[in-house]
Amino acid sequence: MKIILLGAPGAGKGTQAELICKKLNIPQISTGNIIRAALKAGTPVGLKAKSFMDAGKLVPDEVVIEIIQERLAEADCKNGYILDGFPRTIPQAEALEKMGIAIDKVIDIVVDDAEITERLSGRRVCDKCGATFHIKNNPSTAGEKCDKCDGNLIIRKDDMPETVQDRLKTYHEQTEPLEGYYNNKGILHTIVGKGDISDITAHVFKALEV
Ligand code: AP5
Ligand code: MG
């Protein structure tokens, strides 16, 4: 199954993608995680993306499309995948189509801006395995350490309050139009993203019919 997770920054795409991955045994392809790894490794792509990411802006389409094209060509993608954070613009969605990729379902996780702001201020991520936590809503059972791999929990640079507001603006202007785009294709499933993580997962699985 080929799935797209759509939603504002902090809507819970990464959190739900980890759970869908486990259930369906397909990889989570997060362009955000790929770009952050490139940045950490100091590759040309990472350096190109840094200023955009730090400012809460989208990395140029041609850079992200190339990243995704390479990633989807890897062997673990042959039975399907979950796209988390891609596409984020209409040209990116059109690029997927040009690659001949037929998406089965688009899950749109909808959360209001006030809740997003609260969530991102409390988010912690593992700097080793990338697992996502929240200091109140989803704490690590190992305190300041990751309870999956014992890595350190850090605050993402783009989770600073000013950058979060810029990311939300970018989302409304450039990514939200994808709701109409996929609705017109009859593959959009809208899920209310507020509430217990496990309840939201249940709604996602229902939409995916798994
Ligand atoms: P990316 O890494 O994709 O960030 P994002 O879309 O801004 O989304 P987040 O990862 O912040 O949120 P999420 O929806 O995954 O939420 P999470 O599960 O963590 O992209 C970062 C940057 O990279 C972009 O700004 C851009 O510069 C660049 N980029 C990436 N892809 C690109 C593309 N295609 N084109 C161009 N540029 C691109 O949850 C958030 C928090 O809430 C966590 O703490 C979590 O524990 C908590 N939480 C989750 N669910 C719940 C719940 N139900 N109730 C309460 N708390 C919850
Ligand atoms: Mg994420």
Side-chain angles (χ1 to χ4, degrees), residues 1-38 64-65 67-89 92-111 119 123-126 128-134 137-141 146-149 151 156 171 175 178-179 181-210:
M1 185 147 30
K2 297 186 179 102
I3 303 162
I4 290 174
L5 285 184
L6 208 60
K13 301 182 297 294
T15 302
Q16 296 300 330
E18 281 176 32
L19 299 161
I20 305 168
C21 264
K22 256 192 226 147
K23 169 106 175 168
L24 298 182
N25 201 21
I26 51 176
Q28 167 194 8
I29 317 279
S30 157
T31 37
N33 289 350
I34 296 173
I35 296 167
R36 276 184 291 277
V64 196
I65 290 167
I67 289 175
I68 215 78
Q69 220 158 3
E70 279 177 16
R71 181 62 186 89
L72 297 185
E74 288 180 31
D76 63 335
C77 291
K78 71 172 190 311
N79 293 326
Y81 38 78
I82 304 157
L83 294 176
D84 160 10
F86 185 96
R88 251 175 154 99
T89 62
Q92 291 180 18
E94 289 169 348
L96 266 185
E97 278 186 37
K98 276 189 208 130
M99 287 178 224
I101 290 170
I103 297 295
D104 296 292
K105 295 195 187 226
V106 178
I107 305 291
D108 186 21
I109 308 177
V110 180
V111 177
R119 281 187 191 181
R123 173 163 60 184
R124 299 292 181 272
V125 289
C126 174
K128 206 160 127 196
C129 75
T132 301
F133 301 93
H134 187 280
N137 308 331
N138 184 24
S140 165
T141 55
C146 175
D147 59 19
K148 297 180 175 69
C149 77
R156 261 172 54 176
Y171 167 75
T175 307
L178 287 172
E179 290 177 346
Y181 181 90
Y182 286 116
N183 194 30
N184 287 341
K185 295 188 183 297
I187 54 172
L188 185 79
H189 298 261
T190 303
I191 307 264
V192 175
K194 215 167 164 172
D196 282 348
I197 292 173
S198 57
D199 289 343
I200 295 162
T201 308
H203 288 296
V204 172
F205 286 169
K206 199 167 165 214
L208 294 175
E209 298 173 82
V210 296

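These numbers come from a predicted model, not from an experiment. Sequence positions, counted from 1, serve as the residue numbers for this chain.
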* Test side chain to side chain contact (heavy atoms under 4.5 Å, CB included) applied to Lys128 - qualifying residues, sequence neighbours left out -> Cys126, Cys149
* Closest approach of Pro139 to Phe133 (non-hydrogen atoms, all atoms of both residues) -> C-CD2, 4.0 Å
* To do: Taking all heavy atoms of Ala93 and all of Tyr182, pick out the closest pair and write down the distance.
  => CB-OH, 3.4 Å
* CG/Leu6 to OG1/Thr190 distance, rounded to the nearest 0.5 angstrom? -> 9.0 Å
* Kindly compute the distance separating CG (Leu208) from CD1 (Ile3), expressed to the nearest 0.5 Å. => 4.5 Å
* To do: Please list, chain by chain and in numerical order, all residues satisfying side chain to side chain donor-acceptor pair (under 3.5 Å) with Thr175, sequence neighbours excluded.
  => none
* SG/Cys77 to NZ/Lys2 distance, rounded to the nearest 0.5 angstrom? -> 9.5 Å
* May I have all residue pairs that pass salt bridge (Lys or Arg N to Asp or Glu O under 4.0 Å) and include part of residues 74-83, sequence neighbours excluded? => Arg71-Glu74, Arg71-Asp76
* Got a sec, which residues hit side chain to side chain contact (heavy atoms under 4.5 Å, CB included) with Asn33, two or more places apart in sequence or on another chain? -> Gln28, Ser30, Arg36
* Are the side chains of Ile101 and Tyr81 in touch, meaning some heavy atoms are under 4.5 Å apart? -> yes
* Below 4.5 Å, heavy atoms only, C-beta onward: do Leu19 and Val204 meet side chain to side chain? -> no
* Structure fact -> Applied to residues 100-111, the side-chain hydrogen bond (donor to acceptor under 3.5 Å, both in side chains) test, sequence neighbours excluded, yields Lys105-Glu209
* **Counterpart residues, side chain to side chain contact (heavy atoms under 4.5 Å, CB included), relative to Gln69 (two or more places apart)** => Ile65, Met99
* Asked: Are side-chain heavy atoms of Ile4 and Ile187 found at a separation under 4.5 Å?
  -> no
* **Separation of Leu178 CG from Gln92 CD (nearest 0.5 Å)** => 8.0 Å
* Residues in side chain to side chain donor-acceptor pair (under 3.5 Å) contact with Lys185, at least two apart in sequence or another chain -> Glu97
* Which atom of Gly195 lies closest to which atom of Ile200, heavy atoms considered -> O-CD1, 3.6 Å
* Structure fact -> Minimal heavy-atom distance between Arg119 and Gly193, with the atoms involved, is NH2-O, 2.8 Å
* All salt bridge (Lys or Arg N to Asp or Glu O under 4.0 Å) counterparts of Arg123, not counting sequence neighbours -> Asp159
* Asked: Do Ile82 and Leu24 come within less than 4.5 Å of each other through their side chains, counting heavy atoms only?
  -> no
* Asked: Got a sec, which residues hit side chain to side chain donor-acceptor pair (under 3.5 Å) with Thr141, two or more places apart in sequence or on another chain?
  -> Asp147
* To do: Might you point out which heavy atoms bring Asp84 and Gly14 nearest each other, and give the distance in Å?
  => OD2-CA, 3.5 Å
* Apply the test side-chain contact (heavy atoms from CB on, under 4.5 Å) to residues Ile34 and Ile29: give CA-CA distance (whole Å), side-chain angles for both, the deciding distance (0.1 Å), then the verdict. => CA-CA 8 Å; Ile34 296 173; Ile29 317 279; 4.1 Å; yes
* Measure the shortest side-chain to side-chain distance between Thr132 and Asn138 over non-hydrogen atoms and say whether it is less than 4.5 angstrom. => no
* **All pairs passing side-chain hydrogen bond (donor to acceptor under 3.5 Å, both in side chains) where residues 11-25 contributes a residue, at least two apart** => Gln16-Thr201
* Residues that His203 engages under side chain to side chain contact (heavy atoms under 4.5 Å, CB included), provided they are two or more places apart -> Ile191
* Asked: Quick one: does Leu83's side chain get under 4.5 Å of Leu96's, heavy atoms only?
  -> yes
* Results of side chain to side chain donor-acceptor pair (under 3.5 Å) for Arg88 - residues two or more places apart only -> none
